[in-house]
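A quick write-up on the structure given underneath.
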Amino acid sequence: MPSASCDTLLDDIEDIVSQEDSKPQDRHFARKYVVPKVRKRNTQTDLQEENSPPSDSTIPGIQKIWIRTWGCSHNNSDGEYMAGQLAAYGYKITENASDADLWLLNSCTVKNPAEDHFRNSIKKAQEENKKVVLAGCVPQAQPRQDYLKGLSIIGVQQIDRVVEVVEETIKGHSVRLLGQKKDNGKRLGGARLDLPKIRKNPLIEIISINTGCLNACTYCKTKHARGNLASYPIDELVDRAKQSFQEGVCEIWLTSEDTGAYGRDIGTDLPTLLWNLVEVIPEGAMLRLGMTNPPYILEHLEEMAKILNHPRVYAFLHIPVQSASDSVLMDMKREYCMADFKRVVDFLKEKKVFPQEMMSSLVPGITIATDIICGFPGETEQDFQETVKLVEEYRFPSLFINQFYPRPGTPAAKMEQVPAQVKKQRTKDLSRIFHSYNPYDHKIGERQQVLVTEESFDSKFYVAHNRFYEQEFRNRLGNHLSSPSHTSVASQHNSASSRMLLQRLHQDCALRMAVGLALVALLFAFLVKVYN
């Protein structure tokens, strides 16, 4: 039905065109008289826009990345894995922080100073307009801290996704991956062990055998980040060791928050793992076992002694005591008493306190390293003196002395604190006692086989370790790296004594120079007198 507004009906659509309108051929003919208007171009501005595409157009995989890691060997291993994956994707790992496009900061939450350094590095990166990705235990344990707002975070169990996080961060986005790795609801040890890796020392492979622990120490913040115990299967760890040896590694470090607890969550134990590993260690290579707490090593003393006697395993064990006072250990919730710690050390160091039939399992000459916390909340002077007596009795060659720092969110932070000055003084007193004895005097003159794996910081010496993981320095004569060699023991081996050795060498050089100058002066005076 036609519209009421139309007076007539159109027979054809072409009737819309009037007689006065231009014909198609006329419009085509007039095209040659059309002149386009030229827009004046701001050359400099347009060139800048062409060279600076929007952030979403940034090509990932070509930027330079600077990686900084704080903390334990477990954290260092994580940092090496992240560097390897980024390099495999195409990113350039640089040692020059100012030259980098992005900073990957891998943090440690054990003590306040380490977190302070981490926080200051974030601030510096922001001041220099660097892209930032955060990793490690600090952001995993407390991701909602104010100074972490708006920044990308990669969790301790998500390091296999570091490329994704870096890629999105470079595009200008903020990404946070903090989840746990699970298989059928069961928590796993972490990322795959066969990922690409760039080792800081190409001769040393750090293998994390498990993550987390079974304890709940009242001072520990790491527990908040690493969680409960989760172990890697033995076959995966053995495969990783094989792969490392094929890549030229000559020394393996087994690490975790507590190596002694390994396997309790998957139905195995540490000795079983070690026996499987020693079968694949080639001649000339060595294995070093990481830190183990006393409760879990007590069950396996005899078996562990046999393993530590193996020629390709360092006779070295790191067993933290933290305090020699049972009351302090109870407040720490360490789950052992002083008698337990002494039993482990006495057994392994061959103190004659056990039946004769067990003597074949002892480890003569073993190096026992330990940790001590000075000034834990509630520690009295008597408690501290018990720790002093322990150090004087056992004369530990390797002793890590730490002043107590209350970590946010831990039960110990809410306890009544020891005055700061008292903590500092106790730390100094214990350090003085440690430096007062020389545990290696009886070894001077011995000839020992050592494994050289690195250079000293000043590049003047090779750094080597003997069978007991005692550190030695060798002059840089020839190429000794990654090969066993023999040396005569003529100096102290622990870290403190190594520094003393370098100081003595510098002093000797200075003395010789002074004597030489004095002789030259005397000769000059003599000649002057003769010719006058």
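What you see below is based on every heavy atom in this structure, not just the backbone, and it leaves out hydrogens, waters and symmetry mates. If you're wondering where the values come from, they're calculated on a predicted model, not measured in any experiment.
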Quiz item: Is a donor on one side and an acceptor on the other found under 3.5 Å between the side chain of Y91 and the backbone of V163?
Solution: no
Practice problem: Apply side chain to side chain donor-acceptor pair (under 3.5 Å) to S208 and list each qualifying residue two or more places apart in sequence or on a separate chain. | Solution: H74
Quiz item: For L317 and T292, what are the C-alpha separation, side-chain angles and deciding distance, and is it a side chain to side chain contact (heavy atoms under 4.5 Å, CB included)?
Solution: CA-CA 8 Å; L317 205 57; T292 174; 4.0 Å; yes
Exercise. Mind listing the closest non-hydrogen atom pair of A324 and T387 along with its distance?
Key: N-OG1, 3.1 Å
Quiz item: Hey, which of E379, Q322, K423 is the one that makes side-chain contact (heavy atoms from CB on, under 4.5 Å) with I373?
Solution: Q322
Quiz item: Where does the angle between the aromatic ring planes of F461 and F473 fall among parallel (under 30°), tilted (30 to 60°) and perpendicular (over 60°)?
Solution: perpendicular
Self-check item: Nearest atoms (heavy-atom pairs only) where P406 meets N112
Solution: O-OD1, 3.6 Å
Quiz item: Between S231 and N210, does any side-chain donor sit less than 3.5 Å from a side-chain acceptor?
Solution: no
Exercise. Would you check if D371 and V321 make a side-chain contact, meaning some heavy-atom pair closer than 4.5 Å?
Key: no
Practice problem: Quick one: which residue pairs count as a ring pair (Phe, Tyr, Trp, His ring centres under 6.0 Å) with a foot in residues 257-315, not counting sequence neighbours? | Solution: Y314-Y469
Quiz prompt | Under-4.0 Å salt bridge between E455 and K460 | solution = no
Quiz item: Counting N and O atoms only, with roles assigned by atom type, does the side chain of Q85 sit under 3.5 Å from a partner on the main chain of A83, one being a donor and the other an acceptor?
Solution: no
Quiz item: Do the side chain of Q142 and the main chain of V138 share a donor and acceptor less than 3.5 angstrom apart?
Solution: no
Quiz item: Taking side chain as C-beta onward, heavy atoms only, is I319 less than 4.5 Å from I368?
Solution: yes
Exercise. Could you list the residues that satisfy salt bridge (charged side-chain N to carboxylate O under 4.0 Å, His left out) with D160, not counting sequence neighbours?
Key: K181
Quiz prompt | Beyond-backbone contact of Q157 with Q140, side-chain heavy atoms, under 4.5 angstrom | solution = no
Quiz item: What pairs meet the salt bridge (charged side-chain N to carboxylate O under 4.0 Å, His left out) rule with one or both residues in residues 235-245, with sequence neighbours excluded?
Solution: E205-R240
Practice problem: Output all residues satisfying salt bridge (charged side-chain N to carboxylate O under 4.0 Å, His left out) with E381, sequence neighbours left out; order by chain, then residue number. | Solution: R426
Exercise. With sequence neighbours left out, write down each residue that passes side chain to side chain donor-acceptor pair (under 3.5 Å) with D183, or none if nothing qualifies.
Key: none
Quiz item: Between the side chains of S73 and N76, is a donor N or O closer than 3.5 angstrom to an acceptor N or O?
Solution: no
Quiz item: Out of L105, I154, N106, which one pairs with V133 under the side-chain contact (heavy atoms from CB on, under 4.5 Å) rule?
Solution: I154
Quiz item: Do you know which two heavy atoms are closest between T453 and E251, and how far apart they sit?
Solution: CG2-OE1, 3.7 Å
Self-check item: Partners passing side chain to side chain donor-acceptor pair (under 3.5 Å) against N276 (at least two apart in sequence or in another chain)
Solution: none
Self-check item: All side chain to side chain donor-acceptor pair (under 3.5 Å) counterparts of W66, not counting sequence neighbours
Solution: none
Quiz prompt | For N293, the option from T259, D258, D340 that meets side chain to side chain donor-acceptor pair (under 3.5 Å) | solution = D258
Quiz item: Under 3.5 Å, is there a donor-acceptor pair linking the side chains of N215 and K333?
Solution: no
Self-check item: Residue pair S325 / S323, side-chain donor-acceptor N/O under 3.5 Å
Solution: no
Practice problem: Please report the shortest heavy-atom distance between V156 and C137, naming the atom on each side. | Solution: CG1-N, 4.2 Å
Quiz prompt | T268 vs L273 side-chain heavy atoms within contact, under 4.5 Å | solution = no
Practice problem: Assess whether side-chain hydrogen bond (donor to acceptor under 3.5 Å, both in side chains) is satisfied between D383 and T380, documenting all intermediate values. | Solution: CA-CA 5 Å; D383 294 329; T380 65; 3.0 Å; yes
Quiz item: Side-chain donor-acceptor pair under 3.5 Å between N75 and T69, yes or no?
Solution: no
Practice problem: Report the distance from atom OG1 of T427 to atom CD of Q403, rounding to the nearest 0.5 Å. | Solution: 4.5 Å
Quiz item: Taking N438 for the side chain and D441 for the main chain, is one N or O donor matched with an acceptor at less than 3.5 Å?
Solution: no
Quiz item: What are the two closest heavy atoms between G248 and L203, and how far apart are they?
Solution: O-CD2, 3.8 Å
Quiz item: Is there a side-chain contact between L287 and R312 (heavy atoms, below 4.5 Å)?
Solution: no
Self-check item: Derivation and outcome, side chain to side chain contact (heavy atoms under 4.5 Å, CB included), residues I252 and L254
Solution: CA-CA 6 Å; I252 283 185; L254 301 185; 3.9 Å; yes
Practice problem: Kindly determine whether C374 and I401 satisfy side chain to side chain contact (heavy atoms under 4.5 Å, CB included), including the steps that lead there. | Solution: CA-CA 7 Å; C374 293; I401 303 170; 3.9 Å; yes
Quiz prompt | Selection residues 285-301 - residue pairs positive for salt bridge (charged side-chain N to carboxylate O under 4.0 Å, His left out), sequence neighbours left out | solution = R264-E299
Quiz item: Sequence neighbours excluded, which residues qualify as salt bridge (charged side-chain N to carboxylate O under 4.0 Å, His left out) partners of K223?
Solution: none
Quiz item: Judged by atom type as modelled, is there a donor-acceptor pair below 3.5 Å linking the side chain of R467 to the main-chain atoms of V313?
Solution: yes
Practice problem: Locate the shortest heavy-atom distance separating V363 from A305; write the atom from each residue and the value. | Solution: CG2-O, 3.5 Å
Self-check item: Pairs involving residues 394-413, ordered by first then second residue, that meet salt bridge (charged side-chain N to carboxylate O under 4.0 Å, His left out) (sequence neighbours left out)
Solution: E115-R407
Practice problem: Tell me, with the steps shown, if V450 and E470 meet side chain to side chain contact (heavy atoms under 4.5 Å, CB included). | Solution: CA-CA 9 Å; V450 297; E470 296 164 346; over 6 Å; no
Quiz prompt | Ring centroid separation H465 to F316 under 6.0 Å | solution = no
Quiz item: Are side-chain N/O atoms of R343 and Y336 paired as donor and acceptor at under 3.5 Å?
Solution: no
Quiz item: Would you say the side chain of S456 lies within less than 4.5 Å of the side chain of V463, judging by non-hydrogen atoms?
Solution: yes
Quiz item: Among pairs that include at least one residue of residues 68-89, which meet salt bridge (charged side-chain N to carboxylate O under 4.0 Å, His left out), considering only residues two or more places apart or in two chains?
Solution: D78-R226, E80-K197
Exercise. Step by step, work out the side-chain hydrogen bond (donor to acceptor under 3.5 Å, both in side chains) result for Y219 and R334.
Key: CA-CA 10 Å; Y219 57 82; R334 290 290 290 168; 3.2 Å; yes
Quiz item: Under a 4.5 Å cut-off applied to non-hydrogen side-chain atoms, are L104 and V162 in contact?
Solution: yes
Quiz prompt | Minimum side-chain heavy-atom gap I372-L430 below 4.5 Å | solution = yes
Self-check item: Side-chain (K221) to main-chain (P408) donor-acceptor, under 3.5 angstrom
Solution: yes
Quiz item: Does Q246 use its side chain to pair, donor to acceptor, with the backbone of A241 at less than 3.5 Å?
Solution: no
